[in-house]
**Q** 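Okay, here's the structure, questions in a sec.
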Amino acid sequence: MTEKLFILDMSSENWEEWVQSHGFPRFRADQIFAWLIKGVIRPNEMTNLPRGITEALENDFNSEAFVVDKETISKIDGTRKFVFRLGDQNRIETVWMKYRFGNSVCISSQAGCKMGCAFCASAHAGFGRDLTAGEMLGQVLVPARITSERVSRVVVMGIGEPFDNYDQLIAFLDMANSPKGLNLGARHITVSTCGLVPQMIEFMCVNKQVNLSVSLHAANDDLRSQLMPVNKKYSLDQLISAAREYVEKTGRRITFEYALLNGINDSVADAGQLAVLLKGINAHINLIAANEFPGTSFSRSPQKVVNAFRSELERLGMNVTVRREMGSDIMAACGQLRRGLGEIEKK
Ligand code: SF4
């Protein structure tokens with residue numbers, strides 16, 4: 001038996017073909033698509049469709065795919081974490097954050113991650129599979145429906161390495177950007193990579209105006225290879241020259257994420273090394289006070305160490321901010337997301 005498709009993996013063109021192939025009038029395609037864009041993904045809730053169409057939808061698509069398994073709300077800042085159960089029982093996490101400028105959604109691109117970063121909960125939970133573009137879209141549409149609020153920004157920074165799921169990522173970005181889809185300006189979307197250099201190069205050639213963020217976390221190869229195995233494949237030299245090329249080709253600024261780990265990468269000397277590494281690049285450095293999660297020996301740098309690191313970078317002329325922490329009490333902060341529930345506790 002072939003597996004049924006997830007309903008959000010159909011484009012508006014696909015819906016025209018689908019209604020025609022079932023002998024339904026063409027305008028029904030627009031009606032179905034309008035429901036989906038509102039985050040209504042169960043056919044029995046599409047109240048203006050006749051029974052024959054909802055039955056055909058139930059028959060052709062997996063209605064059990066993409067169920068909210070759990071929703072947690074932070075008492076500190078109102079951040080919401082959604083756990084979605086997919087059609088094959090894999091589970092993923094999505095984080096909804098409220099900022100002054102509007103709502104930002106941090107979505108996952110894979111169920112789990114293969115990259116094995118030492119400080120990241122997602123890596124500890126193992127890899128399940130790549131997400132489809134529709135499953136990425138669902139992480140924006142369904143929370144928007146639940147909260148009845150608009151999304152102003154999407155960051156592909158949750159579980160998974162987006163460039164390791166390149167084709168589905170590009171299909172999602174097209175849906176997000178399209179006036180018929182999320183209608184979000186490319187500059188309101190950020191993709192984060194741990195440093196898959198060939199895909200970075202391919203991405204800049206597509207010339208999307210999407211923001212690119214690179215997780216750096218160390219300014220020398222020895223330390224970075226210990227923290228991020230991807231560095232053994234693509235060295236800092238390769239990564240930084242791809243970043244320079246990205247800035248030159250796209251004319252866009254690039255962001256480097258740097259999670260400060262207590263006693264590991266957070267000395268003033270580390271800050272100096274980082275400034276030398278990024279010298280001359282139109283870059284922004286985003287410091288993150290690393291978040292802890294059960295099962296890891298890493299701990300976050302004390303505030304005074306974070307301040308000293310930041311001051312040193314500023315003194316050296318770097319453009320730097322410290323990222324505001326969101327949802328740490330519900331394990332929704334950076335590095336705390338994981339695939340499913342319980343995998344860490346089992347280890
Ligand atoms: S930090 Fe990102 S790339 Fe590294 S293991 Fe975690 S999810 Fe994967």
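Atoms within a ligand are numbered from 1 in the order they appear, just like the ligands themselves.
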**Q** Looking at residues at least two apart in the chain, or sitting in another chain, which of them share a side chain to side chain contact (heavy atoms under 4.5 Å, CB included) with Leu316?
**A** Ala275, Glu312
**Q** Regarding Glu161 and Ser109, do their side chains bring together a donor and an acceptor under 3.5 Å, going by distance alone?
**A** no
**Q** Could you tell me which residues satisfy salt bridge (charged side-chain N to carboxylate O under 4.0 Å, His left out) with Lys232, sequence neighbours excluded, listed by chain and number?
**A** none
**Q** Within the 4.5 Å heavy-atom criterion, are Ile254 and Arg244 side-chain neighbours or not?
**A** no
**Q** Suppose the cut-off is 2.8 Å; how many protein N/O/S atoms fall inside it around atom 6 (Fe) of ligand 1?
**A** 1
**Q** For atom CG of Asn48, decide whether the heavy atoms of other residues, nucleotides or ligands shown that lie under 6.0 angstrom number more than 12.
**A** yes
**Q** Sequence neighbours left out, what passes side chain to side chain contact (heavy atoms under 4.5 Å, CB included) with Asn211? Give chain and number order.
**A** Thr190, Arg252
